[in-house]
Every structure is written in structure tokens, then in C-alpha cells.
Amino acid sequence: MNIHEYQAKEVLRSFGVPVPQGFPAMTIEEAAEAAGRLPGPVYVVKAQIHAGGRGKGKFKELAADAKGGVRLAKSFVDIRADAAEMLGNTLVTLQTGAAGKQVNRLYVEDGSEIEKEFYLSLLIDRATSRVSFVVSTEGGMDIEQVAHDTPEKIVTFSVDPATGIMPHHGRRVAKALGLEGELAKQAHALTQKLYTAFIAKDMEMLEINPLIVSRGGALKCLDAKLGFDSNALARHPDIAAMRDETEEDAKEIEASKYDLSYIALDGSIGCMVNGAGLAMATMDIIKFYGAEPANFLDVGGGATAEKVTAAFKIITSDPNVKGILVNIFGGIMRCDVIAEGVIAAVKEVGLKVPLVVRLEGTNVELGKKIIGESGLNVIAADDLDDAARKIVKAVGGGH
Ligand code: ADP
Ligand code: MG
């Protein structure tokens, strides 16, 4: 689960991490009030969306040369004007995709005078089963470009969980950033605090870009992006309460209510499959025949008819879906249950696109019989290959 920048800064602040002062705002009035509580004379108005690249982003509704989603402001008049331009409008950044994201919240922050901009992140390295630090002197808005063009400017090391964070890790961060004296000391302390926060809150990702040296000689986190392990959220009600469902895919939220593993994708073929491996294979073979899956969906091993109905409804609610492929291998899951679920869903929401069903395994004959007698316009398939070919043909895709 991801949270907004202002929430991330609140979490980090509670661990003693240096972040600028700031307040969230949902309206123009609140933005002006927030600025009134800050020392000034420079303020920063920041769009709060679950995506980076806001500074260089563009608003769909504004002129092409209008300012982006992170704006310096020097007066209350400017703050009101910026808030008016941002709230309710759609910000498109390199990370949002072409559709962009609507800005519903702002963060009004104390403006910092920046001497240097660094990059620092912590993430879980699954290959070594450790938390890794990624540090670079080349912070700011183009870290992806740095990783691509000059990877040697990025320093990475991991922390042994048996020892936890140690003073030498702090020294390593300071060295990688070329810091000495007082600033090196601040880097040591920051390293300890960030790691402590990361572990304490079961984070998956913590990204500070930029980490700055201010003109006054202080290290400060000017941007913060945190991601949390969803499976550990039960241990952190304070973090769970920060969830902003408007930032998430409505279909994925609905799927999570039924404990379905669902990920929305960009293609045209809706897939209902049981088992993550079979789901991956189904997506692969759809691509092999020249079309694109609209989603990943694993209904699980022991799905009920109710769960299947919910899954079917989620798939059909996606306007991009031009055809549906149901591919079930009945092990624990019985084919007749799948058949009943599909029929119940079609009766409820109708079927406006071609549907290919491939069933195999437990009670397959009964499942086929139920579908055959339902009067539904279903294209039956014998195996995975046959099913993929038929659905790709039915949506008019393929090569
Ligand atoms: P994003 O990464 O989404 O573009 P950032 O929060 O990193 O958003 O802001 C983009 C840039 O704006 C930063 O690299 C920094 O140069 C500047 N900036 C952000 N916050 C402040 C601030 N409080 N004071 C001064 N400059 C800021
Ligand atoms: Mg940033």
C-alpha cells in the first residue's frame, strides 16, 4: 500500500527524520490557512497523488506552458491561484500514464533553499533477503536517467538483518554522498532513523528524492515516498488509516473485498483463471497469439460460486474488455462451481462480449453440461492453446 507524500513525511517526522514543516489542504481556503501557519517567505504547493514526477508533470486542463504539480509561491495570492489551478484538475507525469491522476489534495510546505540534491532509498532486495540502501549524489527529478546513463553514480549496499543498522552503514552513506564533518554526522543519524522507521513500519520501499543540503547546512528530506507490505497492515492500524482508496483502481479494491488476486492491465481480453501460475501462462499465451490481457486474476483454489460471480462482474465492468477467457483447472476447485458462478454473473450483468470457456479437472463433465444447458452464447474450448486462439480471434486481434 502506498500513501501520500504529506502522510509519509508525518510518519518519518515521528521517527525524528528531518522534513520541512507543512500542512495538507483539500480546498483553496485550507491552502491559504496552511501557508499562514508557516514562517515563509517562500512556500511550496505540492499536488498529492500516488505518483512521482509531479514537478515535471503537466495538467491536462491547463495550457502546455503552465506550471507543474510542485510550485514555489511567494505570496498568499500566488498560493490561492496555484491551489485553484491544481485542485480538481488532472496531473499527467511520467509515472501516472497518459490518463493522469486527479488532484484532490495539496500539501503546502515551507520552501527550502537548496544547496545540493541527493537521492536515497531503502527497499527490500528479494535476491539477498535484505534491506538495501540505494544512494546517489545525482538526486532531483532525473534519477531514472542517471540509472540509465551513469549507473556508476549509484551506490548500493545491504544491511545484514542479524546485526541490524550499524555505524559503518551511516559512514557509507556519508561517503557515497561526499559529506564530511557536521553533514556526515547528520547523514549517520539519518541512516539510522530511516532504517529504524523502515523496519518498525514494515515498509517495502522508502524513497527520498531529493534529500537536500540546505543553504543553512542541514540535511533534509524534501520528498518522501513510502510503500508498505499489505500483508503486515494488520499490525499498523495508523498506517492502514492513511489509505486513500481514490488513488487505487476501483476494480482492485472490489476484488480485495472478495479476497481475489486481481491486477488491472491495459489489454482487451478479460481473464478468469485459478492459480497464479495458470494465470501467468494464460496471459502469456494470449500475448503469444497477438492480443493483450485486460487483467491478471487468480480466483484461488477453493473459490465459491459467489466469489466467481464477483470476479466475473469485476471483469465485465472494465470497458476495455472486448472478450473474456475463463480458464479453469479444477483441482480443489470444482468445474461445476465455476460454471454456476459464471451463469449467475451473466444473468445478473448480461454478456455483451464473446466468452470462451475452457474447463478441465474435477467435475468437468458436469461443468460443461451446466454451461451447455444454460443457453448462454459460450464458445467452448478443449485446451489452453485452443482457448487462447478462439478468444483472440473472437476479439478480432492476433496475427
Ligand atoms: P516529484 O518528485 O514528484 O517531482 P518533489 O517533491 O521531488 O516532487 O519536488 C520536485 C522538486 O521541487 C524537487 O526536486 C525540489 O527541487 C523542489 N522542491 C520540492 N519541495 C521543495 C521545498 N519544500 N522547498 C524547495 N524546493 C522544493
Ligand atoms: Mg521527488
Side-chain angles (χ1 to χ4, degrees), residues 2-13 17-25 31 34-35 37-59 62 66-75 78-79 82-83 85-86 89-97 100-123 134-147 153-154 177 194 205-227 244 247:
N2 296 324
I3 58 176
H4 289 292
E5 174 201 3
Y6 77 92
Q7 298 165 322
K9 285 178 169 169
E10 192 182 311
V11 173
L12 293 178
R13 202 179 278 125
V17 174
V19 293
Q21 235 189 319
F23 303 97
R37 296 164 72 187
L38 294 171
V42 179
Y43 312 89
V44 185
V45 185
K46 308 178 82 171
Q48 299 296 291
I49 54 170
H50 284 189
R54 296 163 300 166
K56 290 194 169 173
K58 292 277 168 215
F59 283 96
L62 304 182
K67 286 190 272 177
V70 176
R71 302 178 175 197
L72 284 179
K74 291 191 174 146
S75 71
D78 286 353
I79 287 170
D82 284 330
E85 281 198 357
M86 290 202 235
N89 280 340
T90 315
L91 184 58
V92 181
T93 80
L94 278 177
Q95 294 182 13
T96 60
K101 285 204 160 179
Q102 192 180 47
V103 177
N104 301 315
R105 305 179 191 200
L106 300 173
Y107 188 47
V108 183
E109 193 174 66
D110 196 21
S112 296
E113 288 193 282
I114 303 173
E115 199 73 49
K116 279 190 194 131
E117 292 196 324
F118 302 135
Y119 177 92
L120 195 164
S121 67
L122 281 76
L123 43 92
V134 180
V135 189
S136 177
T137 48
E138 309 301 303
M141 296 196 262
D142 284 319
I143 190 69
E144 289 82 4
Q145 204 61 38
V146 176
K153 290 192 172 158
I154 296 178
L177 297 178
L194 292 177
M205 197 254 313
L206 183 168
E207 186 181 62
I208 309 295
N209 186 29
L211 167 69
I212 64 146
V213 178
S214 73
R215 195 151 294 171
L219 271 187
K220 249 193 285 182
C221 302
L222 243 54
D223 189 9
K225 199 170 173 186
L226 303 184
D244 179 0
E247 288 288 330

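Just so we're clear, the structure is a prediction, and the values are computed from it rather than from any experiment. These values consider heavy atoms only, across backbone and side chains, with no hydrogens, waters or symmetry-generated copies. Both counts, for ligands and for their atoms, begin at 1 and track the order of listing.
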**Message:** Using 0.5 Å steps for rounding, measure from the CG atom of Leu72 to the CG atom of Asp82.
**Reply:** 9.5 Å
**Asked** Is Glu5 paired with Arg54 through a side-chain N to carboxylate O contact shorter than 4.0 Å?
**Response** yes
**Request:** Look only at interatomic distance and state if Val70 has a nitrogen or oxygen under 3.5 Å from any nitrogen or oxygen of ligand 1.
**Result:** no
**Message:** When you measure from the heavy atoms of Asp110 to every atom of ligand 1, does any distance fall below 4.0 Å?
**Reply:** yes
**Atoms of ligand 1 close to Gly111 [distance to a heavy atom under 4.0 angstrom, numbered from 1]** = 24 (N)
**Message:** Under 3.5 Å between any N/O of Gly53 and any N/O of ligand 1: does that happen in this structure?
**Reply:** yes
**Request:** Look at atom 4 (O) of ligand 1 and find which of Ser214, Gly55, Ser112 reaches it with the closest heavy atom.
**Result:** Gly55
**Message:** How about NZ on Lys153, more than 12 heavy atoms from neighbouring residues, nucleotides or ligands closer than 6.0 Å, or not?
**Reply:** no
**Request:** Verify, without hydrogens or angle tests, whether Lys101 (side chain) and Glu247 (backbone) share a donor-acceptor contact under 3.5 angstrom.
**Result:** yes
**Message:** I'd like to check which ligand 1 atoms, numbered from 1 as shown, lie under 4.0 Å from a non-hydrogen atom of Val44.
**Reply:** 21 (C), 22 (C), 23 (N), 24 (N), 25 (C)
**Prompt:** Of all the atoms in ligand 1, which lie at a distance below 4.0 Å from a heavy atom belonging to Asp223?
**Reply:** 1 (P), 2 (O), 5 (P), 6 (O), 7 (O), 8 (O)
**Request:** Check ligand 1 against Pro210 and write out every atom of the ligand that is under 4.0 Å from a heavy-atom position of the residue.
**Result:** 7 (O), 13 (C), 14 (O)
**Message:** Using a 3.5 Å distance criterion without hydrogens, assess whether the side chain of Gln48 forms a donor-acceptor pair with backbone atoms of Tyr6.
**Reply:** yes
**Prompt:** Within a strict 4.5 Å, meaning less than it, do heavy atoms of the Ile208 and Val17 side chains meet?
**Reply:** no
**Lys225 atom NZ, over 12 foreign heavy atoms within 6.0 Å** = yes
**Backbone of Ser112 reached by a side-chain donor or acceptor of Arg215 within 3.5 Å** = no
**Asked** Side-chain donor-acceptor pair under 3.5 Å between His50 and Asp244, yes or no?
**Response** no
**Message:** Heavy-atom pairs closer than 4.0 Å: do any link ligand 1 to the side chain of Asn209, the backbone, both, or neither?
**Reply:** backbone
**Item:** Atoms of ligand 1 close to Gly52 [distance to a heavy atom under 4.0 angstrom, numbered from 1]
**Value:** 3 (O)
**Per-residue contact class, Glu109 against ligand 1 - non-hydrogen pairs under 4.0 Å** = side chain
**Prompt:** Quick one: which of Glu117, Lys46, Gln21, Glu5 has a heavy atom closest to atom 14 (O) of ligand 1?
**Reply:** Glu117
**Request:** Starting from the Mg ion (ligand 2), look over the N/O/S atoms of Asp223 and name the nearest one.
**Result:** OD2
